[in-house]
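Report on the structure given below.
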Amino acid sequence: LFSRSVLTTRSLLMSLGVANAHASEASAAINWVIKDGAGRMGRFLFARIGGRSLDDKAKQWRLFGDGLMFMGACGELSTSLAPAFFLPLACSANLAKNLAAVAASATWAPIYRTFALESNLADITAKAESVANLSDVVGTAVGVLLLKRVPTLPAFGVLSVGYLVASRREVDSVELPYFNTARLGLAVRDFLTSGTMPGVREGNAREPLFPWIHKNARTRRIVLGASIAEACGHDVGGAEALERAIAHHARGSNAYLLTYRPDTKCVYVLLRHTRAGDARTQAAYEGCFAALTLLHVLSGDDPEWPGKAHGPHTRELRQISKEWKRMNAAAEKSSSEFEREALKFVARHGRTLFRAFDHEAQAVGWLTRLNTLNTRDARFVR
């Protein structure tokens, strides 16, 4: 990265005419200040846009940040090819690099936490910063040597390819032992279809790093922490949906309410207000599991739990499986009646399914007391 920075910095200075004795020093200084100002404004905007999704999609944002860094370097290099367009090119490049810096700094924390096995997060962070500083020094020295001996464009191309490949390998090597939305979606799907539970390594390996490619992902149809207006709408039918949700969960979990809107094809999870941090984390975890279960039920798929043991919940799961299959066989899959029956089914058996799922997840190494599920801020009080 820093070897490549030496090459791009020279391009920036050449485009400003620093090497030219007839260049205007004042013009160069003004352009440089504007370039840096654009980058700093980008930092403010990115923190606002990324929000809590930085926690939920740490790997994806990390990879996206590396892509932005590459684009920024390309922008800086192009200024030497088109000096007349220095200001827009340099501003765009610096904006991209500052956005990448925010993405990197924001996503390192959850990654460092996986290495802090003895609550030594500060020690891990300090050592990582030392390694980064060492790579800065070595990279700068290599860049200066390349500057004198190798043409700029070929050197830039080779370094960039190496940088992007290393970034992907870096992200692939990280195994986060707790659920985010994507990993929870994979685990719930496996659990409900085959009764199996992916381990930490398998779940991380299967997590999509380019989620926009997976257009049919069920997690896209879940609104976690929805408001009443989002979950039920503003019409009379919305009020009835809210009343049904309250009635369904009267004897079940009181940490969340679940609704489904046929017009949006989305499941809305209303989370209960609580002051305890652990309770909020568990409510989001259980609510997201219930929403994924509802989407699975609505898909019309039958559960296929084999005869393997499920701990203390084996007998209950078999009974739930029979009821699930009877409901699928008797109902019209596209009717509103089936949607209401599915909501009742999840409200009635969601807690049992969740306990069995949580038991299996802990058995294969998931830290279920932690999660980075991306919830909205709305909460209900009752």
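With a 4.5 Å cut-off on side-chain heavy atoms, Ser336 and Phe338 do not count as touching. Looking only at side-chain heavy atoms (C-beta outward), Phe191 and Glu360 come within less than 4.5 Å of each other. Side chains of Val200 and Val364 form no contact here, defined as non-hydrogen atoms less than 4.5 Å apart. Between Leu184 and Cys288 the shortest side-chain heavy-atom distance falls below 4.5 Å. Side-chain contact between Val267 and Val223 is absent, with no heavy-atom pair separated by less than 4.5 Å. Between Leu317 and Leu353 there is a side-chain heavy-atom pair separated by less than 4.5 Å.
Closest of all the heavy-atom pairs between Gly199 and Trp366 is O-CZ2, 3.4 Å. Listed here is the closest heavy atom pair of Gly287 and Leu224: C-CD1, 4.4 Å. For Val297 against Ala342, the heavy-atom pair with the smallest separation is CG1-CB, 3.7 Å. Ala255 and Ala283 get closest at one heavy-atom pair: CB-CB, 3.8 Å. A pairwise comparison of heavy atoms in Leu270 and Thr259 identifies CD1-CG2, 4.2 Å as the closest pair. Across all their heavy atoms, Ala187 and Phe179 have their closest contact at CB-CE2, 3.8 Å.
Classification of the Phe357-Phe289 ring pair by plane angle, with boundaries at 30° and 60°, yields tilted. Using cut-offs of 30° and 60° on the angle between ring planes, the pair Phe70 and Phe156 is parallel.
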Using side chain to side chain donor-acceptor pair (under 3.5 Å), reason through Lys59 and Asn180 one step at a time and then give a plain yes or no.
CA-CA 11 Å; Lys59 292 184 179 182; Asn180 65 350; over 6 Å; no
With salt bridge (charged side-chain N to carboxylate O under 4.0 Å, His left out) as the criterion, how do Glu76 and Lys97 come out once you've worked through the C-alpha distance, each side chain's angles and the decisive distance to 0.1 Å?
CA-CA 10 Å; Glu76 289 182 341; Lys97 294 180 72 173; 3.3 Å; yes
Using side chain to side chain donor-acceptor pair (under 3.5 Å), reason through Asp358 and Thr368 one step at a time and then give a plain yes or no.
CA-CA 7 Å; Asp358 186 63; Thr368 60; 2.9 Å; yes
Could you go through the salt bridge (charged side-chain N to carboxylate O under 4.0 Å, His left out) check for Glu286 and Arg351 one step at a time?
CA-CA 8 Å; Glu286 185 174 353; Arg351 176 56 67 88; 2.8 Å; yes
Going through the checks in order, is the salt bridge (charged side-chain N to carboxylate O under 4.0 Å, His left out) test met by Glu337 and Arg340?
CA-CA 5 Å; Glu337 180 63 28; Arg340 286 194 289 270; 3.0 Å; yes
Worked check of side chain to side chain donor-acceptor pair (under 3.5 Å) between Thr372 and Asp55
CA-CA 6 Å; Thr372 55; Asp55 293 294; over 6 Å; no
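Note on residues 80-96: no pairs pass salt bridge (Lys or Arg N to Asp or Glu O under 4.0 Å), not counting sequence neighbours.
The distance from the CD atom of Glu316 to the OG atom of Ser321 is 13.5 Å, given to the nearest 0.5 Å. Rounding to the nearest 0.5 Å places OG of Ser160 at 11.5 Å from CG of Asp66. Taken from OH in Tyr256 to OG1 in Thr375, the straight-line distance is 15.5 Å, to the nearest 0.5 Å. Here the straight-line distance linking atom CG of Leu192 with atom CG of Leu295 works out to 10.5 Å at 0.5 Å rounding. Between the OH atom in Tyr285 and the CZ atom in Phe354 there is a gap of 4.5 Å [rounded to 0.5 Å]. Atom-to-atom distance recorded for Arg261:CZ and Cys266:SG is 8.5 Å, nearest 0.5 angstrom.
Taking the charged nitrogens against the carboxylate oxygens, Arg348 and Glu323 do have a contact shorter than 4.0 Å, which makes a salt bridge. By the 4.0 Å N-to-carboxylate-O rule, Asp56 lies too far from Arg183 to be salt-bridged with it.
The local environment of NZ in Lys322 is sparse, with at most 12 non-hydrogen atoms from other residues, nucleotides or ligands closer than 6.0 Å. Few gaps surround CG on Leu176; more than 12 heavy atoms of other groups in view lie less than 6.0 Å from it.
With sequence neighbours left out, the side-chain contact (heavy atoms from CB on, under 4.5 Å) criterion links Ala378 to Ser227. Taking the side-chain contact (heavy atoms from CB on, under 4.5 Å) definition, one finds that Lys127 meets it with Asp123, sequence neighbours left out.
No donor-acceptor pair closer than 3.5 Å links the side chain of Ser92 to the backbone N or O of Leu89. A donor-acceptor pair is defined here as one N or O able to donate and one able to accept, closer than 3.5 Å; no such pair exists between the side chain of Asn374 and the backbone of Thr181. Here the side chain of Arg379 pairs a donor or acceptor atom with the backbone of Arg376 at under 3.5 angstrom.
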